[in-house]
Number of protein chains: 2
Amino acid sequence: MKRAEKRDHLIDVARELFNRHGYHAAGVDRVIAESGIAKTTLYRHFRSKEDLIVAALRREDELVRENMRRAVEERAADPRDRLLATFDFLESWFTSSSFFGCPFMGAAGEYGDPKNAVFQESAMHKRLMLAYFEELARAAQLENPKWIAEQINYLHEGATAVAHLTRDANEARKAKEIASKLIGAATE
Amino acid sequence: MKRAEKRDHLIDVARELFNRHGYHAAGVDRVIAESGIAKTTLYRHFRSKEDLIVAALRREDELVRENMRRAVEERAADPRDRLLATFDFLESWFTSSSFFGCPFMGAAGEYGDPKNAVFQESAMHKRLMLAYFEELARAAQLENPKWIAEQINYLHEGATAVAHLTRDANEARKAKEIASKLIGAATE
DNA sequence: GACAAACGATACAGATCTGTTTACTTCATT
DNA sequence: AATGAAGTAAACAGATCTGTATCGTTTGTC
């Protein structure tokens with residue numbers, strides 16, 4: 001494993017542990033143990049645990065947005081359907097074994113200081129998600145794409161929060177139904 | 001201060017610290033220091049820190065639901081308006097200096113095991129909130145109160161999550177506007 | 001093959017965490 | 001006034017946390 005690969009592996013292991021157990025509850029020692037990489041090496045790549053958390057969030061952001069984009073484009077061609085297809089992506093996430101609520105909301109909850117880099121990284125992800133929704137709404141030539149994007153965003157966040165506590169993946173479909181009502185399209 | 005008052009005070013201090021800093025980040029020692037109550041006394045009232053967390057969440061649940069109910073009833077008499085008035089309550093929360101995101105979502109994020117009492121207490125609160133929305137929808141004689149309640153719930157959760165990261169209390173008004181569209185009422 | 005950088009393993013420092021123990025004090029009730 | 005429960009303060013135990021230091025080994029590069 002080369003240097004860059006080790007760094008990648010550390011981030012992946014950390015990301016999984018943070019998502020599953022939370023950011024304070026998952027310690028550096030556990031990342032070490034599960035990655036099989038020495039602590040010295042971890043601290044050569046990351047100045048602190050917070051740095052590692054930020055890196056994990058950035059990776060999570062990349063993965064989420066790439067996967068959502070791919071899934072949406074595969075599933076629907078019509079721009080308006082693509083807005084609704086984002087909820088199908090949500091549903092597959094809720095159904096998966098790696099759903100423990102939104103990692104970014106969790107991070108913001110544990111590092112609530114707005115000046116903290118962890119909080120800011122989470123805020124950045126949410127801005128990028130909103131921008132993606134707006135891009136889809138614009139492609140669909142909807143009258144007020146910014147406003148539509150905000151509505152979709154509320155439904156995403158709401159469904160994710162509710163699904164986390166109810167452990168019911170159907171929340172995604174319900175949110176989709178509301179969304180379809182809001183953007184004035186058939187429920188598919 | 002009598003015994004029961006000490007217990008109450010401990011819960012209040014703990015609740016404030018947990019909400020502000022998170023459940024792992026706020027230690028028992030800090031609760032001790034800020035409450036001015038001895039550690040021995042704390043552990044006479046609560047078997048463990050998790051017990052204290054559960055008690056704090058239960059208090060939070062009572063306060064939130066009572067305050068929301070009171071605010072809603074004061075603000076609006078018409079049942080349909082009362083559904084919308086719940087968003088005004090949200091807005092006052094977002095504006096207040098004690099808003100650090102939803103304490104229950106934070107707790108569920110840090111104690112993600114569904115068998116954990118902390119998680120379950122959070123889930124209970126969300127069920128009770130949903131039940132309240134349904135009660136309001138039923139009073140408004142809306143066609144499908146359960147479904148209306150779920151829609152309101154998504155918007156509440158969504159607005160809370162977004163407001164937490166954007167630090168923008170206007171999110172409550174936007175969510176309210178969506179809600180009014182969904183239940184077919186004027187935006188007031 | 002030599003050299004420097006990176007890695008692994010482990011011990012360690014120092015802080016912090018939850019929870020307990022001890023010994024002394026306060027206070028309400030009978 | 002006596003008694004017993006409850007509170008205070010502080011030390012302590014033991015675990016765990018982040019981060020560093022040590023030192024021997026591997027590895028990539030000139």
Report the distance from atom NE2 of His9(B) to atom P of dG7(D), rounded to the nearest whole Å. 14 Å
Between dG19(D) atom P and Glu50(A) atom CD, what is the distance in whole Å? 8 Å
Taking the minimum atom-to-atom distance to the side chain of Thr40(A), which one of dT22(D), dG7(D), dT18(D) wins? dT22(D)
Report yes if some heavy atom in the side chain of Arg70(A) is under 4.5 Å from a heavy atom in the side chain of Asn67(A); otherwise report no. yes
On a heavy-atom basis, which atom in Leu165(B) and which in Ala108(A) lie closest, and how many Å separate them? CD2-CB, 3.5 Å
So if I take every side-chain heavy atom of Lys39(A) and compare against dT20(D), dA10(D), dG7(D), which nucleotide ends up nearest? dT20(D)
Under-4.0 Å side-chain N/O to phosphate OP1/OP2 contact, His45(B) with dA6(D): no
Derivation and outcome, side chain to side chain contact (heavy atoms under 4.5 Å, CB included), residues His125(A) and Val64(A): CA-CA 10 Å; His125(A) 166 76; Val64(A) 167; 4.1 Å; yes
Check the distance between dG7(D)'s P and Arg7(B)'s CZ and give it to me in whole angstrom. 12 Å
Nearest-angstrom distance from the residue atom CG of Leu42(A) to P of dG19(D): 10 Å
Min and max contacting nt of DNA chain C in 5' to 3' order, chain B heavy atoms within under 4.0 angstrom, are dT18(C) to dT21(C)
Measure NE2/His24(B) against P/dT18(D) and give the value in whole Å, please. 11 Å
On DNA chain D, does the nearest nucleotide to Ala38(B) precede the nearest nucleotide to Ala26(A) from the 5' side, or the other way round? Give the residue. Ala38(B)
If we only count heavy atoms from C-beta on, is the His164(A) to Phe99(A) side-chain gap below 4.5 Å? yes
Assert yes or no for the condition that the ring centre distance of Phe119(A) to Tyr111(A) is strictly below 6.0 Å. no
Spacing between Glu5(B) atom CD and dA6(D) atom P, to the nearest angstrom: 16 Å
Would you mind reporting whether Asp29(B) and Lys39(B) have side-chain heavy atoms less than 4.5 Å apart? yes
Rounded to whole angstrom units, what separation is found between the CZ atom of Arg44(B) and the C1' atom of dT8(D)? 10 Å
Tyr23(A) backbone acceptor or donor facing Glu110(A) side chain under 3.5 Å: yes
